[in-house]
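Below is one structure; the comments refer to it alone.
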Amino acid sequence: MMRARGTSLRLFYIALTLSSVAWAADFANGQTSPAHDGPPLAATPGAEPPPLRSVMAKHFLVGTAIEPDSIDSPADAALLAAQFSSLTAENKMKPGTIGVAEGRYDFEPADKIIAFAHAHGMAVRGHTLVWHFQSGNWKEAPDWFFAGARDEPQYRDIVAARLRKYVTDVVTHFRGKVYAWDVVNEVISDNSNQVYREDSPWYRAFGKDYIAIAFRAARAADPDVKLYINEYNTDDPNKREKLLTVIRELRAEGVSIDGVGHQMHISVNRPPLANIKQALDDVAALGLENQVTELDVSLYADSGECWRNPHACLPDLGRSVPNDVMRAQALRYRAVFDVFEHEPSIKAVTFWGYSDKHTWLSSTPVSRTNLPLLFDADLRPKAAYWTIVDPAYQP
Ligand code: XIL
């Protein structure tokens with residue numbers, strides 16, 4: 001069995017190498033755009049990439065977020081099974097997919113991801129039970145949760161009951177199949193005058209209590225699953241202080257919480273490594289676990305303002321991204337892994353995707369070329385990949 005898997009993997013990488021050679025010939029003939037990181041890749045011709053999951057096994061699980069269509073592509077499926085020890089559903093375990101209507105659920109796409117993961121010895125982390133996100137067709141806090149008259153005395157209880165039922169049913173469905181849940185996602189405010197995110201339909205219906213309700217229901221439905229609070233920009237000391245205060249308060253109320261998920265959407269030169277390390281240390285000091293849940297390294301060192309105002313985002317690098325930028329990205333990946341590998345409280349590091357052919361950063365916060373992941377659009381390992389699996393590698 002193992003031998004068969006090894007052989008098919010080797011064939012897979014030989015095919016990739018051959019396609020790289022063909023591609024390089026095309027490039028020489030001027031038929032394609034310049035290499036994104038040609039020189040670094042040329043440094044390891046034909047080498048079979050060592051599986052990330054084995055290289056990191058002594059430290060933590062290594063995961064990626066996926067959509068179910070990745071499983072349908074044999075090349076993608078082989079790469080996933082070879083490289084990763086954990087999977088997250090990029091979208092299909094969010095309430096916008098699962099919570100079709102009150103008491104009606106669509107578990108099918110998530111179950112497909114879980115079946116694939118388990119068939120290949122991978123763990124699955126659940127993301128996410130509660131999220132405020134709403135944009136275009138994406139509604140992660142579906143309207144049915146909030147139906148009814150807000151001025152009725154029963155309104156709060158009705159919405160609380162719906163939330164409890166949703167969390168209970170979903171956690172029960174995945175019990176024993178998912179080892180950790182992001183119970184709530186992005187509940188802390190970025191505004192200096194707010195602790196909790198107040199522009200959330202959950203906050204508007206309840207104030208902060210929805211967080212404790214969700215955690216308690218999740219714990220009651222599965223006593224063994226790890227329960228996480230997931231957040232972005234935890235490297236920012238002000239935001240982190242709010243997050244830690246919220247965690248302390250929840251624990252003081254007897255709410256069971258196991259860890260903090262740090263999304264870690266970072267860029268080639270932001271934020272400082274010391275801030276990343278401090279975020280992990282502060283959580284560990286509370287006796288909690290850490291997970292890096294959505295790692296990617298954007299090519300753009302945007303200011304925070306870019307997320308509020310698209311005009312503040314850096315201009316599109318276009319199709320020919322300079323090799324220097326790709327080198328900087330590779331070194332950045334090595335630098336953050338140096339931090340992660342020295343933090344025993346980290347239980348898993350999950351990338352928000354695996355191939356540059358599919359990344360939320362090509363459309364968010366603005367549409368532009370972005371190549372934030374470890375494998376290029378043709379699934380070839382990038383310099384970023386080699387620096388992680390081989391610290392001696394010089395991009
Ligand atoms: C993103 C997905 O990648 C997109 O496909 C979707 O349109 C929106 O959500 N923080 C999170 C993730 O917690 O769930 C988000 O995923 C990225 C930011």
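Counting starts at 1 for both ligands and their atoms, following the listed order.
- When the options Glu294, Glu186, Arg125, Gln291 are evaluated for a side chain to side chain donor-acceptor pair (under 3.5 Å) with Asn230, the one that passes is Glu294.
- Listed by atom number, the atoms of ligand 1 under 4.0 Å from Glu90 heavy atoms are 2 (C), 3 (O), 4 (C), 5 (O).
- Less than 4.0 angstrom separates some heavy atom of Glu294 from each of these atoms of ligand 1: 10 (N), 11 (C), 12 (C), 13 (O), 17 (C), 18 (C).
- Residue Glu186 places a heavy atom less than 4.0 Å from ligand 1.
- The part of Trp352 lying near ligand 1 is the side chain, judged by heavy-atom distances below 4.0 Å.
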So Asp282 and Lys277, salt bridge (Lys or Arg N to Asp or Glu O under 4.0 Å) or not? Walk me through it. CA-CA 9 Å; Asp282 284 356; Lys277 181 168 163 31; over 6 Å; no

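- Of the polar atoms of Trp131, none of the N or O atoms is found under 3.5 Å from an N or O of ligand 1, judged by distance alone.
- The pair Glu140-Lys92 fails the salt-bridge criterion, with no side-chain N (NZ, NE, NH1 or NH2) lying under 4.0 Å from an Asp/Glu carboxylate O.
- Nearest protein heavy-atom neighbour of atom 6 (C) of ligand 1: Asn91 OD1, 3.3 Å.
- With salt bridges taken as basic N to acidic carboxylate O contacts below 4.0 Å, one links Arg368 and Asp302.
- Near Asn185, with a cut-off below 4.0 Å to any heavy atom, the atoms of ligand 1 are 11 (C), 13 (O).
- In this structure, Trp360 has its ring center under 6.0 Å from that of His265.
- The distance criterion of under 3.5 Å between nitrogen or oxygen atoms is not met by Trp360 with respect to ligand 1.
- Pairing each heavy atom of Ile71 with each of Ile113, the nearest pair is CD1-CA, 3.8 Å.
- Scanning the protein heavy atoms around atom 9 (O) of ligand 1, the nearest turns out to be Lys94 NZ, 3.1 Å.
- Every atom of ligand 1 with a heavy atom of His127 under 4.0 Å away is listed here by number and element: 11 (C), 12 (C), 13 (O), 14 (O).
- The pair Lys382-Asp356 counts as a salt bridge, with a side-chain nitrogen and a carboxylate oxygen less than 4.0 angstrom apart.
- Looking at ligand 1, you won't find any N or O of Glu67 less than 3.5 Å from one of its N or O atoms.
- Scored by the side-chain contact (heavy atoms from CB on, under 4.5 Å) test, Ala217 finds Arg164, Val167, Thr168 as partners (sequence neighbours excluded).
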